[in-house]
Amino acid sequence: MGDSTGQGFPVETVSVAGGFAERMRGLIGQSEKGGVVMLSPCCDIHTFGMRADLDVAFVSKSGVVIESRRSVKPRTRIRCRGARAVLERFSDRRRPWFSEGDVLCITCGNAFVGRSSGERLFDGAAR
């Protein structure tokens with residue numbers, strides 16, 4: 001979700017879950033006031049064990065959001081062909097979230113979303 005200036009919007013702190021156990025756990029047991037978790041590599045998630053809805057964005061190898069979902073209910077499994085990473089947070093309709101076509105750029109643990117594409121911003125190797 002970009003802003004009207006085309007500059008994008010800042011996103012809260014992003015933590016990376018790169019190991020198998022970290023990716024399986026995701027946000028389970030986390031505080032609902034936490035930030036965004038990036039599961040990488042990942043193209044398939046479940047919300048079993050969750051007590052709250054999640055906002056989810058599937059990201060391609062080139063850093064483009066290829067699918068975005070809001071308020072994914074507990075006890076759900078979703079996948080996205082072609083995704084290299086998944087961003088998830090506890091659902092909050094008051095804050096902006098990613099839309100298809102957004103470009104993700106991560107620097108120093110923070111994410112920024114913009115609308116410029118063509119440049120490789122994410123190689124999927126973050127750990």
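In this structure, the side chain to side chain donor-acceptor pair (under 3.5 Å) partners of Asp44, at least two apart in sequence or on a different chain, are Arg77. Qualifying side chain to side chain donor-acceptor pair (under 3.5 Å) partners for Thr76, counting only residues two or more places apart in sequence or in other chains: none. Listed by chain and residue number, Phe58, Ile66, Glu67, Ala83 satisfy the side chain to side chain contact (heavy atoms under 4.5 Å, CB included) test with Cys80 (two or more places apart in sequence, or in another chain). By the salt bridge (charged side-chain N to carboxylate O under 4.0 Å, His left out) test, Asp55 pairs with Arg70, Arg89, sequence neighbours left out.
In terms of heavy atoms, Arg95 sits closest to Asp92 at NE-OD2, 3.0 Å. Contact between Ala57 and Val65 at its shortest, heavy atoms only, is CB-CG1, 4.2 Å. Between Trp97 and Arg69, the shortest heavy-atom contact is NE1-O, 3.8 Å. The two atoms that bring Arg84 and Ser40 nearest to each other are O-OG, 4.0 Å, heavy atoms only. Nearest heavy atom pair, residue Ala52 against residue Pro74, reads O-CG, 3.8 Å.
Proximity of Ile78 to Ile45: side-chain heavy atoms (C-beta onward) are separated by under 4.5 Å at one or more points. Annotation: side chain of Ser99 is not in contact with side chain of Ser68 (no heavy-atom distance under 4.5 Å). Inter-residue side-chain proximity for Val36 and Glu88 is flagged as unmet; no heavy-atom pair is nearer than 4.5 Å. Residues Val56 and Leu87 form no side-chain contact, since every pair of their non-hydrogen atoms from C-beta on lies 4.5 Å or further apart.
Surrounding CZ of Arg93 are more than 12 heavy atoms belonging to other residues, nucleotides or ligands, all under 6.0 Å away.
Note that the CG atom of Leu104 and the OG atom of Ser62 stand 10.5 Å from one another [nearest 0.5 Å].
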